[in-house]
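Report on the following structure.
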Amino acid sequence: MCYAIAFFYCHFLLINRRIAPMEPVITRFAPSPTGYLHIGGARTALFNWLFARHHGGAFVLRIEDTDQVRSTEESVKAILDAMEWLGMDWDAGPFYQRERFDLYEDFLRRLLDSGHAYHCDCSPEDLDARRKAAMAEGRKPKYDGRCRDRNLGPGAHRVVRFRCPDGGATVLNDLIKGPIFFENAELDDLVLRRSDGIPTYNFAVVVDDITMNISHVIRGDDHVNNTPRQILIYQALGEPLPLFGHVPMILGPDRARMSKRHGATSVMAYKEMGYLPQSLINYLVRLGWSHGDQEIFSVGELIEKFTLEAVGKSASVYNPEKLLWLNGHYIKESNPQELASLLQPFLEALGYPHREPEYVARAAHTLQQRSKTLVEMAESMSYYMLDEIACDEGAAKKFLKGSMADPFRRIVQALEEAEHFDEPSLEKIFERVIVTDLNMKFGKVAQPVRVALTGGTVSPGLFEVMAVLGKATVLKRMRKALAYMEQEGEN
RNA sequence: GUCCCCAUCGUCUAGCUCGGUCCAGGACACCGGCCUUUCACGUCGGCAACACCGGUUCAAAUCCGGUUGGGGACGCCA
């Protein structure tokens with residue numbers, strides 16, 4: 001019976017929507033400034049942003065700071081910084097709920113006047129005790145309605161509660177999950193205004209979404225149960241409903257809700273770890289959303305292709321390895337000049353001396369295929385950046401043998417005479433000296449040269465490295481290695 | 001405990017709307033071959049899933065019911 005009514009209601013909503021399409025599209029991201037922007041929040045923001053951009057609508061940023069105790073200005077700044085880094089620009093805001101208290105009062109007045117709200121003087125301690133008792137007896141821990149009909153006026157230590165209908169059902173016609181039915185009897189008389197006069201979240205969001213003309217409320221799954229209460233408030237106010245879309249949660253590897261203990265959850269931590277914003281965007285959008293088999297999306301493509309219909313219903317597990325892979329992909333795709341400037345803070349952090357951006361770009365270019373983060377790339381660049389390289393002792397012992405002294409001497413000599421120091425020329429020189437003159441395999445000398453030049457056994461192709469380093473540096477390092485080998489030879 | 005949601009490879013997912021084209025496709029990770037001056041990149045190949053039970057049907061990953069499992073919500077937090 002209830003379902004029949006609910007179904008009918010849904011049908012009504014659908015028809016209604018077709019007749020009066022909600023134009024224009026206005027979405028919002030409404031974080032509470034109680035910490036940094038985390039992965040989950042960023043994805044919610046992203047979906048809202050993409051949806052608005054896709055429809056040529058507006059994206060609003062609103063700071064939900066009604067929690068006086070936990071909200072901080074640093075958090076606001078951290079969130080804005082992260083939004084900016086990810087490239088999600090907003091068309092209006094940021095709005096602060098603290099600055100809108102008068103507005104909430106107006107709406108509260110309407111509810112009070114129409115009898116949809118009432119004052120309540122139950123103390124928090126008392127409520128807590130009653131909730132616990134109800135739980136213990138297996139009853140729903142909802143407000144028991146004690147003050148409902150006491151006709152209390154305003155006063156100190158009194159809150160304002162919403163008078164929830166006793167019967168009937170409320171339908172949430174979710175854009176992602178489909179219709180969801182709630183018995184109103186399950187809902188309770190939620191607090192709209194605290195005893196200190198500050199509105200609660202559930203009331204403030206409704207007022208804000210109404211007054212900001214939000215057409216689509218796209219938010220986390222964890223808000224599903226709040227939605228019927230909010231719908232009831234809209235109805236009590238006689239205001240039209242926005243459309244709701246609840247996106248599934250992001251879980252940690254243990255399938256529990258993502259939290260700090262699952263590792264880095266702060267967006268900005270990824271910046272510090274040398275991730276590119278487009279990697280995070282691309283990774284995040286694919287958690288819950290897909291477009292056939294495609295994995296790589298530019299932001300432009302996302303705006304073009306993003307729809308709520310393609311968002312899945314089930315929660316997804318956060319997988320940092322795939323993000324790493326994507327970052328490697330975008331590093332390969334980046335142009336070296338850009339990379340060089342992005343690299344700058346990481347190079348400085350490692351204490352390398354300053355080098356020309358053009359030089360850094362050429363060095364970075366040789367490492368694009370083998371770096372998954374900017375941090376990794378910066379670390380790999382030590383032999384490009386430092387004058388005195390640190391040589392791995394094991395590698396030196398193994399490869400800088402006395403038997404290599406002769407080939408090295410010849411290489412040095414040939415290099416000294418070299419007119420051009422580009423890759424093809426260098427390759428020709430080595431070909432001549434090693435293969436033709438000495439009848440040796442290039443592979444024989446490659447590792448020793450690599451150790452001489454980079455101090456280690458892992459690096460980009462030798463000719464690439466030499467071309468970047470330049471004649472003077474190459475010769476200096478080759479001679480130094482030669483000296484080491486001659487010394488070894490004597491022992 | 002009550003309410004709500006979800007359920008395809010280890011993970012992200014395609015397919016489910018319109019049941020046969022799916023002994024289930026792609027990607028990450030993993031394993032192996034090739035390429036090769038190291039490491040990577042690239043490339044080729046491999047491993048690996050429709051949670052379970054029942055129903056509807058000539059036919060079910062796709063529809064229905066139940067079970068189990070997982071998640072979320074039950075605040076004068078958001």
Side-chain angles (χ1 to χ4, degrees), chain A residues 30-34 64-67 69-71 120 122-124 127-128 131 134-143 157-161 172 174 177-178 180-183 185-188 190-202 204-205 219-228 246 248-249 251 253 255-257 283 286-296 309-310 312-326 328 332 367-372 380 395 399 430 441-451 454 456-463:
Chain A
S32 64
T34 53
E64 310 229 313
D65 54 355
T66 52
D67 185 337
V69 183
R70 296 191 302 158
S71 298
C120 161
C122 296
S123 74
L127 286 170
D128 197 45
R131 241 189 313 268
M135 277 260 224
E137 289 169 38
R139 301 196 323 265
K140 297 174 232 308
K142 60 178 237 181
Y143 180 63
H157 307 299
R158 288 185 185 174
V159 301
V160 175
R161 284 183 185 274
L172 159 57
D174 198 272
K177 299 190 178 261
I180 304 172
F181 310 104
F182 298 89
E183 295 291 336
E186 293 291 337
L187 277 18
D188 66 353
L190 72 161
V191 171
L192 300 176
R193 188 181 68 187
R194 300 176 173 88
S195 54
D196 60 5
I198 295 167
T200 57
Y201 161 77
N202 275 302
V205 239
R219 66 204 341 178
D221 218 344
D222 48 341
H223 286 284
V224 168
N225 288 284
N226 286 323
T227 310
H246 287 94
M249 305 266 86
L251 311 176
R255 304 204 68 89
R257 194 184 178 143
Y283 177 69
R286 284 285 291 104
L287 274 188
W289 177 84
S290 61
H291 183 76
D293 286 339
Q294 190 172 344
E295 295 287 351
I296 306 293
E309 288 75 54
K313 294 182 182 184
S314 47
S316 33
V317 173
Y318 182 73
N319 175 208
E321 284 175 336
K322 188 158 182 182
L323 170 60
L324 223 210
W325 169 74
L326 273 165
K332 283 183 208 98
L367 288 163
Q368 280 182 273
Q369 312 279 202
R370 42 208 115 216
S371 308
K372 296 220 193 266
S380 304
F399 293 108
F430 272 74
K441 289 196 124 186
F442 177 66
K444 271 284 194 190
V445 296
Q447 279 305 72
V449 172
R450 176 167 282 114
V451 173
T454 71
T457 55
V458 173
S459 84
L462 282 181
F463 307 125

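The sequence lines fix the lettering, A, B, ..., with proteins before strands; numbering per chain opens at 1. Source: prediction; values computed, not measured.
- Across the P atoms, B/C9 and B/U62 are found 14 Å apart, a figure rounded to whole Å.
- Applying the Watson-Crick and G-U wobble criteria (two distances, each under 3.5 Å), B/G69 pairs with B/C6.
- As judged by a 4.0 angstrom heavy-atom cut-off over every strand, A/Pro248 is placed among residues making no nucleic acid contact.
- Note on A/Lys177: every side-chain N or O is 4.0 Å or more away from OP1 and OP2 of B/C5.
- Closest-nucleotide positions on RNA chain B for A/Glu64 and A/Val317 were compared, and the one nearer the 5' end corresponds to A/Val317.
- Between the C1' atom of B/U38 and the NZ atom of A/Lys444 lies a distance of 15 Å, rounded to the nearest Å.
- Taking atom P in both B/C6 and B/A49, one finds a spacing of 26 Å when rounded to whole Å.
- Distance, A/Tyr283 OH to B/U13 C1': 11 Å, rounded to whole Å.
- Within 4.0 Å (heavy atoms only), A/Thr34 reaches no atom of the nucleic acid at all.
- Protein atom CG of A/Leu367 is 11 Å distant from nucleotide atom C1' of B/C39, rounded to whole Å.
- Distance noted for atom C1' between B/U13 and B/U8: 9 Å (whole Å).
- Comparing A/Gln447 and A/Glu321 by the nucleotide of RNA chain B whose heavy atom lies nearest to each, the residue mapping closer to the 5' end is A/Glu321.
- The separation between A/Leu462 atom CG and B/U36 atom P is 16 Å, rounded to whole Å.
- When the P atom is used for both B/U68 and B/C23, the distance is 32 Å, rounded to whole Å.
- The partner of B/A24 cannot be assigned: no Watson-Crick or G-U wobble pair with both contacts below 3.5 Å exists in any strand.
- Of the C1' atoms belonging to B/A14 and B/G26, the separation is 7 Å, rounded to the nearest Å.
- One atom, CZ of A/Phe182, and another, P of B/C3, lie 12 Å apart when rounded to the nearest Å.
- Among the atoms of the strands shown, only primed sugar atoms or phosphate atoms (P, OP1, OP2) are found under 4.0 Å from some heavy atom of A/Leu287.
- Closest non-hydrogen pair, A/Arg219 versus A/His246, comes out as CD-NE2, 3.0 Å.
- The nucleotide B/C63 finds its pairing partner in B/G55, both defining distances of the Watson-Crick or G-U wobble pair being shorter than 3.5 Å.
- For the pair A/Ser290 and B/A14, the criterion of a side-chain N or O lying under 4.0 Å from OP1 or OP2 is met.
- Taking the C1' atom of each, B/A78 and B/G72 are spaced 15 Å apart, rounded to whole Å.
- Taking CG from A/Asn202 and OG1 from A/Thr200, the interatomic distance works out to 6.0 Å, rounded to the nearest 0.5 Å.
- In the interface, the side chain of A/Ser195 is paired with the base of B/C76 through a donor and an acceptor atom under 3.5 Å apart.
- Using bins of under 30°, 30° to 60° and over 60° for the plane-to-plane angle, the ring pair A/His223/A/Tyr201 lands in the tilted bin.
- Separation of atoms CG (A/Leu326) and NZ (A/Lys372) is listed at 10.0 Å; rounding is to 0.5 Å.
- Among the heavy atoms of the strands lying under 4.0 Å from A/Ser316 are primed sugar atoms or P, OP1, OP2 only; no base atom is included.
- The main-chain N or O of A/Pro248 is never found under 3.5 Å from a side-chain atom of A/Lys177 such that the two would form a donor-acceptor pair.
- In this structure, A/Lys332 reaches the sugar-phosphate backbone alone: every heavy-atom distance under 4.0 Å involves primed, P, OP1 or OP2 atoms, never a base.
- With both pairing distances under 3.5 Å, B/U43 is matched to B/G33 as a Watson-Crick or G-U wobble pair.
- Atoms CG and CZ, from A/Asn225 and A/Phe182 in turn, are 5.5 Å apart once rounded to the nearest 0.5 Å.
- Between A/Pro228 and A/Leu187 the shortest heavy-atom distance is CB-CD2, 3.9 Å.
- A pairwise comparison of heavy atoms in A/Ser459 and A/Arg370 identifies O-NH1, 3.9 Å as the closest pair.
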Pairs: protein N or O with nucleotides 25-27 of chain B N or O, under 3.5 Å:
unit_1, atom_1, unit_2, atom_2, d
B/G25, N2, A/Asp293, OD1, 2.8
B/G26, N2, A/Glu295, OE2, 2.8
B/A27, O4', A/Glu295, OE2, 3.4

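- Base pairing annotation: B/A48 forms no Watson-Crick or G-U wobble pair, as no partner gives both donor-acceptor distances under 3.5 Å.
- If you check every strand for non-hydrogen atoms under 4.0 Å, A/Thr457 touches a base.
- Base engagement by A/Cys122 is indicated by at least one non-hydrogen atom pair under 4.0 Å involving a base atom.
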Within the sub-3.5 Å range, which N or O atoms of nucleotides 68-74 of chain B have a protein N or O partner, and how far apart are they?
unit_1, atom_1, unit_2, atom_2, d
B/G72, OP1, A/Arg257, N, 3.4
B/G72, O3', A/Arg257, NH1, 3.2
B/G72, N2, A/Asn225, ND2, 3.1
B/A73, OP1, A/Arg257, NH1, 2.5

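- Heavy atoms only, all atoms of each residue included: A/Tyr143 and A/Cys122 are closest at OH-SG, 3.4 Å.
- Environment of NZ in A/Lys332: crowded, with over 12 heavy atoms of neighbouring residues, nucleotides or ligands closer than 6.0 Å.
- At a cut-off of 3.5 angstrom, the base of B/C39 holds at least one donor-acceptor pair with the side chain of A/Arg370.
- Residues A/Ala134 and A/Pro141 approach most closely at CB-CA, 4.1 Å, considering heavy atoms.
- For the pair A/Val159 and A/Ser195, the tightest heavy-atom approach, listed with the atom from each and the gap, is CG1-N, 3.5 Å.
- Atom-to-atom, CZ of A/Arg219 to P of B/C5 comes out at 16 Å; the value is rounded to the nearest Å.
- With a cut-off of 3.5 Å on both pairing distances, the Watson-Crick or G-U wobble partner of B/C74 is B/G1.
- With both ends at atom C1', the span from B/G10 to B/U21 equals 30 Å, rounded to whole Å.
- B/G42 and B/A27 are spaced 12 Å apart, taking the P atom of each and rounding to whole Å.
- Residue-level contact check: A/Gly328 touches neither bases nor backbone, having no heavy atom under 4.0 Å from any strand.
- The residue A/Val159 sits close to a base: some heavy atom pair falls under 4.0 Å.
- The side-chain heavy atoms of A/Thr457 and A/Val451, taken from C-beta on, include a pair separated by under 4.5 Å.
- Each of B/C5, B/C41, B/U38 was ranked by its minimum atom distance to the side chain of A/Lys372; first place goes to B/C41.
- A/Gln369 has its CD atom 16 Å from the P atom of B/U38, to the nearest Å.
- For the pair A/Leu326 CG and B/U13 P, the interatomic distance rounds to 13 Å; values are reported in whole Å.
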